[in-house]
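These notes concern the structure reproduced below.
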Amino acid sequence: MSKLIPGDHKHLTLDDRAYIERSLNEGKSFREISRYLCKDPSTISDKVFRNRIANTWNRGSFNNPHNVCVHRFRCKKTNACRKLILCDTLCRSCSICNRVCNGFEPEQCRRIQKAPFVCNGCTQQRNKCPISTKYDYNTIAAHRMYSERLSASRQGIPLSRKELHAIDSVVRPLVMQSQSPYMIVASHPELGISVSTLYNYTNQGVLLTRNIDLKRKMKFKPRKVHNTQIKNREVFIGRTYQDFKQSHLDEMDFAEMDTVKSVKGSDKCILTFYFPETELFYAHLLYRCTPGAVKAVFNSLQARLGGADEFTFLFPVILTDRGVEFGDPDGLEASPDRSRRTSIYYCDLMRSNQNRP
């Protein structure tokens with residue numbers, strides 16, 4: 001890639017591929033596309049050629065999808081295969097015509113063999129094009145093929161069969177002697193692997209050593225991963241429980257909000273509101289426990305109450321936990337007309353006693 005071209009020189013994004021498709025449909029060259037994307041023209045050319053998709057829906061002529069010869073429209077040859085003594089059928093309608101005819105010439109198109117390598121932007125009507133196999137550049141298909149190649153290139157292990165056998169010949173006997181992977185790696189630095197790598201190879205089954213041979217590993221429990229908490233910590237700025245107490249909002253008629261999850265494997269949940277001052281409890285069924293579903297409930301309540309002012313009168317302040325379904329406080333605090341309707345505050349982590357719906 002040229003050093004004179006600015007940019008981060010990273011992989012193409014979905015938006016970049018969408019621009020490439022639009023530019024090809026408009027007939028722009030690779031140099032014009034590369035100038036906008038800050039890439040080398042050869043990079044754009046390679047991506048288009050690699051990710052183009054074949055289209056054969058209009059393949060063939062005379063109801064013969066196997067004939068792609070340039071002479072098929074006016075050819076009068078018969079019995080080119082010489083398998084039959086008498087054959088008055090034209091060879092252009094036979095399925096083996098292209099394989100046996102000595103005058104076969106495949107139909108070619110300059111747009112496919114040279115830049116831009118695809119039919120995007122071609123001025124000829126698709127149903128009148130004589131080329132049997134056409135190639136198109138599609139944004140979604142190109143990005144999918146790129147993702148599949150990227151995933152496949154990072155799978156497997158960077159070792160040959162001989163190198164794996166050398167590692168296993170050292171590890172297997174020591175494991176059967178009840179030595180741990182840490183002891184094996186520490187006493188045999190010539191293996192060139194870490195303890196975690198040895199555990200990964202054992203777990204993937206590339207060695208003769210299995211997890212059941214590791215006595216301590218069979219006692220380990222899978223690590224618990226909590227994916228139900230808000231990951232974006234910026235939403236807590238000015239909305240913590242300490243801010244809630246310092247503003248003396250706990251002395252107002254605030255509402256406590258929470259969700260009650262359904263059975264495991266179900267997306268349904270119940271959105272609850274509890275008013276400590278009046279001991280009023282309100283619940284709403286959600287078919288998805290997502291920020292968008294919670295926002296839809298807020299908009300529905302505002303419409304049923306009559307407007308943002310009525311919503312603010314009933315829900316001036318809302319105290320909730322740090323569930324991922326409440327991760328869009330800006331969307332909950334603002335009404336559809338962008339006016340402010342409530343204030344959202346979050347309890348501290350692992351402090352369920354601060355929120356008692």
Side-chain angles (χ1 to χ4, degrees), residues 1-61 65-70 72-73 105-155 231-232 234-235 288 290-293 295-296 299 327-328 330-331 334 336-338:
M1 182 177 293
S2 176
K3 296 181 179 179
L4 300 179
I5 296 181
D8 52 7
H9 299 172
K10 292 185 178 180
H11 296 193
L12 294 178
T13 62
L14 184 62
D15 295 336
D16 295 340
R17 300 181 194 278
Y19 176 79
I20 292 176
E21 182 181 3
R22 292 195 304 268
S23 301
L24 290 175
N25 294 334
E26 296 172 0
K28 293 183 179 180
S29 64
F30 289 148
R31 188 171 297 277
E32 294 175 328
I33 299 174
S34 64
R35 189 179 297 114
Y36 177 83
L37 297 178
C38 295
K39 303 288 183 179
D40 194 271
S42 60
T43 300
I44 306 300
S45 173
D46 178 68
K47 300 301 182 183
V48 171
F49 182 81
R50 182 184 300 180
N51 297 321
R52 63 179 184 175
I53 54 176
N55 190 344
T56 59
W57 67 275
N58 193 30
R59 184 174 181 178
S61 60
H66 305 280
N67 196 343
V68 294
C69 182
V70 68
R72 63 184 181 273
F73 294 102
E105 294 182 18
E107 186 140 26
Q108 300 176 351
C109 177
R110 192 203 66 81
R111 291 184 61 89
I112 296 177
Q113 294 183 343
K114 298 181 181 180
F117 305 111
V118 289
C119 299
N120 299 63
C122 184
T123 57
Q124 188 172 2
Q125 296 183 8
R126 181 64 64 95
N127 58 348
K128 295 183 179 180
C129 179
I131 301 299
S132 58
T133 302
K134 304 174 180 60
Y135 292 92
D136 299 312
Y137 184 86
N138 181 269
T139 302
I140 305 299
H143 196 71
R144 185 184 299 114
M145 288 188 290
Y146 152 76
S147 301
E148 291 176 354
R149 285 196 302 269
L150 182 64
S151 176
S153 65
R154 297 179 178 180
Q155 293 178 356
K231 297 181 179 179
N232 184 14
E234 295 182 358
V235 301
R288 294 180 303 164
T290 60
K295 182 180 179 180
N299 295 338
D328 184 19
D330 295 331
D337 58 355
R338 309 310 301 169

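What you see is a predicted model; the values in this text were computed from it and never measured.
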* May I have all residue pairs that pass salt bridge (charged side-chain N to carboxylate O under 4.0 Å, His left out) and include part of residues 12-21, sequence neighbours excluded? => none
* Which atom names give the shortest non-hydrogen contact between Gly327 and Val235, and what distance separates them? -> O-CG1, 4.0 Å
* Out of Thr43, Leu24, Ile20, which one pairs with Phe30 under the side-chain contact (heavy atoms from CB on, under 4.5 Å) rule? -> Leu24
* Give a yes or no answer on whether the side chain of Asn138 reaches the backbone of Ala141 with a donor-acceptor pair at less than 3.5 Å. => yes
* Mind listing the closest non-hydrogen atom pair of Leu150 and His11 along with its distance? => CD1-CE1, 4.1 Å
* What is the minimum heavy-atom distance between Arg31 and Ser34, and which atoms define it? -> O-OG, 2.8 Å
* **Counterpart residues, salt bridge (charged side-chain N to carboxylate O under 4.0 Å, His left out), relative to Glu148 (two or more places apart)** => none
* Structure fact -> Rounded to the nearest 0.5 Å, the CE atom of Met145 sits from the CZ atom of Arg52 at a distance of 10.5 Å
* To do: Measure the OG-CD1 distance between Ser23 and Ile44 for me, rounded to the nearest 0.5 Å.
  => 9.5 Å
Enumerate, atom names and distances included, each donor-acceptor pair closer than 3.5 Å involving a side-chain atom of residues 114-123, sequence neighbours excluded.
{"residue": "Asn120", "atom": "OD1", "partner": "Tyr137", "partner atom": "N", "Å": "2.9"}
{"residue": "Asn120", "atom": "ND2", "partner": "Asn25", "partner atom": "OD1", "Å": "3.0"}
{"residue": "Asn120", "atom": "ND2", "partner": "Tyr137", "partner atom": "O", "Å": "3.2"}

* When rounded to the nearest 0.5 angstrom, what is the spacing between CG in Leu37 and NZ in Lys47? -> 12.5 Å
* Hey, what do you get for OG (Ser45) to NZ (Lys39), rounding to the nearest 0.5 Å? -> 15.0 Å
* Structure fact -> Between Lys295 and Asp328 the two heavy atoms that sit nearest each other are CD-OD2, 4.5 Å
* Structure fact -> Closest non-hydrogen atoms of Thr139 and Ala18, given as atom of the first, atom of the second and distance, are OG1-CA, 3.3 Å
* **Under 3.5 Å side-chain donor-acceptor pair for Arg149 and Asn51** => yes
* According to the interplanar angle, ranging from 0 to 90°, do the rings of Tyr19 and Tyr36 count as parallel (below 30°), tilted (30 to 60°) or perpendicular (above 60°)? -> parallel
